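Reviewing the structure listed below.
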There are 4 protein chains.
Amino acid sequence: MATRKSTPDTSRRSERSRRAIYDAALALVAEVGYPKTTVEGIAARAGVGKQTIYRWWSSKADVLLEAFLDLTDQAAGQEPPALPDTGDLAADLKAVLRATVDELLDPRFEAPSRALAAEGVVNEEVGRQFVAALLEPQLQLYVDRLRAARSAGQVRPEVDPRIALELFVSPLAQRWLQRTGPISHAYTDTLVDYALYGLAPR
Amino acid sequence: MATRKSTPDTSRRSERSRRAIYDAALALVAEVGYPKTTVEGIAARAGVGKQTIYRWWSSKADVLLEAFLDLTDQAAGQEPPALPDTGDLAADLKAVLRATVDELLDPRFEAPSRALAAEGVVNEEVGRQFVAALLEPQLQLYVDRLRAARSAGQVRPEVDPRIALELFVSPLAQRWLQRTGPISHAYTDTLVDYALYGLAPR
Amino acid sequence: MATRKSTPDTSRRSERSRRAIYDAALALVAEVGYPKTTVEGIAARAGVGKQTIYRWWSSKADVLLEAFLDLTDQAAGQEPPALPDTGDLAADLKAVLRATVDELLDPRFEAPSRALAAEGVVNEEVGRQFVAALLEPQLQLYVDRLRAARSAGQVRPEVDPRIALELFVSPLAQRWLQRTGPISHAYTDTLVDYALYGLAPR
Amino acid sequence: MATRKSTPDTSRRSERSRRAIYDAALALVAEVGYPKTTVEGIAARAGVGKQTIYRWWSSKADVLLEAFLDLTDQAAGQEPPALPDTGDLAADLKAVLRATVDELLDPRFEAPSRALAAEGVVNEEVGRQFVAALLEPQLQLYVDRLRAARSAGQVRPEVDPRIALELFVSPLAQRWLQRTGPISHAYTDTLVDYALYGLAPR
DNA sequence: GTATAATCGAGACGGTACGTCCTGTCTTCGA
DNA sequence: TCGAAGACAGGACGTACCGTCTCGATTATAC
């Protein structure tokens with residue numbers, strides 16, 4: 001009477017099925033969009049019974065979240081877990097944001113991350129996980145870089161890095177998410193300049 | 001073939017039904033959330049035939065968008081269509097953002113606007129309408145105010161107001177939408193200060 | 001608030017769908033057997049939504065029962081609602097039972113009636129309906145004929161016709177239902193002879 | 001290829017499990033009915049793996065058939081394998097049929113035997129086994145008793161005992177199976193009288 | 001008295017069907 | 001002619017079982 005129905009045995013889980021489900025979920029979201037992606041469709045495409053999905057995940061959002069995390073974990077393996085620090089804060093931030101722009105425009109990432117972001121807006125549980133697993137680690141890198149810059153005297157000492165980073169990160173995020181404007185390298189360069197030196201004349 | 005199927009006679013439209021549908025849609029989104037809000041449910045609650053909804057709107061997102069626009073139009077009627085201009089840019093921005101914070105925290109607005117924002121992230125058509133009808137007019141007020149400030153020499157002449165406003169608006173939007181952090185008056189005050197005077201020491 | 005969800009409006013029912021469902025149900029039972037006949041299969045074959053079946057019937061047994069009743073009603077229209085009465089009771093009974101044997105061996109009737117009988121054995125509700133709608137009316141004809149014969153002095157006056165008829169009807173029914181033996185014209189002739197004149201020597 | 005998959009080693013079979021499976025199957029059929037009795041349910045109740053069932057039986061009908069045979073074998077051990085022969089055919093038949101009536105009304109036997117009969121109606125394989133293992137041996141006892149009576153001159157010499165027995169056995173069977181009428185001692189007494197002495201006046 | 005091989009409890013797996021809910025279209029009837 | 005009502009074809013939901021399969025962990029002969 002140890003094992004409950006609701007907690008399946010992880011050690012006997014089929015790795016093969018999990019991979020197939022990740023692949024199918026990502027492919028379907030990319031091909032037909034999130035709303036038309038169904039659990040039934042994922043199961044069929046993965047060659048898997050529906051129950052195998054419901055056994056390990058609670059919803060299609062949950063499946064996609066894990067699938068996307070898996071995808072980014074693979075990609076993240078190659079990158080260093082820190083922002084570059086050449087001593088030139090503006091240049092470093094611009095470089096990183098340019099890379100982010102490129103990633104946001106990569107159709108391979110666009111469909112699933114947009115879908116997850118949308119789901120997260122409306123579904124608090126998914127939203128929290130999305131932020132905790134994907135967004136926050138990225139933002140923390142900016143915090144670290146800004147803290148270093150502050151120590152080097154390139155940032156005012158009373159500035160809170162966690163808020164400061166939003167000055168250039170959030171505008172990009174909003175333009176992408178809500179399509180309030182185009183995103184480009186020039187745009188993010190401008191954001192960095194504005195943020196570092198302010199709008200008011202010196 | 002006089003009357004086409006796709007263009008019902010607007011003059012005969014029942015105002016009564018439209019109001020009932022708006023109310024039902026907003027109430028349901030607030031009560032059970034957007035995903036569990038269905039066209040059938042709206043019709044039943046409004047005491048209306050389903051066809052009456054499909055005759056005038058194309059989807060539940062469309063219904064909710066109009067319902068929400070109607071709601072905000074009522075509220076907006078009382079406000080002036082411009083930001084205050086006391087001559088003190090920082091103070092004016094802080095005041096407006098404080099009001100925005102209050103509105104974002106108002107549960108009456110939260111459910112539907114969050115729902116629409118989420119739908120817009122994933123559904124380009126809805127997204128464009130949402131931005132055009134709700135977001136862009138608001139942002140334009142900031143553009144106007146910043147332009148006035150620039151003329152008054154309180155903002156550097158080379159600054160693009162459409163980008164500049166994102167430095168304090170987008171961080172607030174992202175914290176609210178994606179729950180990346182708490183929002184408060186102190187927070188938006190800080191955003192305005194950082195944005196106007198920059199992160200780098202003077 | 002007159003009409004309840006559970007009582008759909010009969011007057012708006014689609015005759016077309018009903019016929020298609022009857023046909024599909026009977027065809028499927030004949031082709032693949034009762035256990036492999038599914039509501040989903042009936043709906044697909046009839047070109048009908050599943051809900052249209054569940055709206056009007058409670059189970060596949062219920063569908064099949066009505067479909068079969070409809071089938072027999074069509075056939076029954078041609079027959080007279082009484083057994084022949086030539087004055088020769090034995091001959092009349094033999095003739096009717098021979099016809100019954102032929103019907104029981106007709107594959108068009110076999111599959112659905114066997115299915116219904118089986119369901120009725122285990123499902124009291126279906127069983128009662130099956131008996132009331134199909135069996136009992138038939139048996140009543142024997143009761144009438146036996147009563148007439150009793151009046152004519154061909155049957156002992158103290159004999160209960162409702163029990164008497166079972167002496168030749170039930171053996172045939174059991175051989176067919178439970179496959180306890182072959183059925184043929186010779187067999188039913190013998191049953192009539194045994195039943196009328198008894199097993200004991202005269 | 002020494003050992004075939006399809007022929008498990010009988011000598012290593014767990015007697016304990018078999019008993020538990022019989023008990024679980026009979027209990028479930030009695031409690032929830034045959035259709036709601038599942039292989040999975042039997043396995044869970046018996047504290048047995050599903051494969052242990054599928055290793056030794058081919059279907060739930062097969063399990064129940066064996067379980068019921070086992071049950072009746074226990075009961076039959078106490079009875080003599082022949083009908084009483086007091087010299088009075090009518091009395092002997094009435095006594096046996098009264099006992100049968102009692103058994104048919106015993107809820108312990110009713111659920112499983114009804115379930116098996118129903119399955120047998122629709123599933124020829126099960127039907128044949130059910131008849132061969134349970135019905136035919138019983139009927140053979142009647143054949144023997146009638147043959148003895150025929151030798152004693154109490155039954156017409158040209159009467160076929162295999163058909164004759166159906167005159168009183170089948171009506172009882174049909175009333176029970178199809179609920180076409182109540183069953184009682186008085187009823188079976190009447191059947192015997194009618195069958196032995198016929199319906200026609202002497 | 002151990003090897004050793006099959007059975008055992010357990011339960012994940014690919015599937016199929018269930019019965020429910022909702023979509024978007026269509027038809028009927030009343031105002 | 002529009003509105004309330006709701007039947008319709010269709011399709012996805014999440015659940016329950018099917019029958020197969022793969023896991024250690026007992027057994028219980030056969031060495």
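In what follows, every heavy atom counts, from backbone to side chain, and hydrogens, waters and symmetry copies are set aside. Below, chains carry the letters A, B, ... as their sequence lines are ordered, and counting in each starts from 1. These numbers were taken from a predicted model, which means no experiment stands behind them.
Protein atom CD1 of B:Ile53 is 15 Å distant from nucleotide atom P of F:dG6, rounded to whole Å. Rounded to an integer number of Å, the gap from CZ of A:Arg18 to P of E:dA12 is 15 Å.
In this structure, the side-chain hydrogen bond (donor to acceptor under 3.5 Å, both in side chains) partners of A:Glu31, at least two apart in sequence or on a different chain, are A:Arg45. B:Arg128 pairs by the salt bridge (charged side-chain N to carboxylate O under 4.0 Å, His left out) definition with B:Glu124, not counting sequence neighbours. Remark: A:Arg19 engages A:Asp70 in a side-chain hydrogen bond (donor to acceptor under 3.5 Å, both in side chains) (not counting sequence neighbours). By the side-chain contact (heavy atoms from CB on, under 4.5 Å) test, B:Ser59 is found to be paired with B:Ala61, B:Asp62, residues two or more places apart in sequence or in another chain being considered.
Heavy-atom distances to DNA chain E give each of D:Arg13 and A:Trp56 a nearest nucleotide, and the one nearer the 5′ end belongs to D:Arg13.
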Going 5' to 3' through nucleotides 14-20 of chain E, assign each nucleotide B (protein heavy atom under 4.0 Å from a base atom), S (under 4.0 Å only from sugar-phosphate atoms) or - (no protein heavy atom that close). BB-BBBB

Protein proximity profile, nucleotides 23-31 of chain F - base contact B, sugar-phosphate-only contact S, no contact -, cut-off 4.0 Å on heavy atoms: -----BS--

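Under the 4.5 Å side-chain criterion, counting only non-hydrogen atoms from C-beta, A:Ile21 is in contact with A:Trp57. Side-chain contact between B:Leu134 and B:Phe68 is present, with heavy atoms from C-beta onward closer than 4.5 Å.
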Let me see the working for C:Lys60 and C:Tyr34 under side chain to side chain contact (heavy atoms under 4.5 Å, CB included), right down to the final yes or no. CA-CA 9 Å; C:Lys60 76 171 172 176; C:Tyr34 181 70; 3.7 Å; yes

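B:Trp57 comes within 4.0 angstrom of nothing in the nucleic acid, heavy atoms only.
A:Trp56 carries A:Arg13 over the face of its six-membered ring, with the cationic atom under 6.0 Å from the centre and within 45° of the normal.
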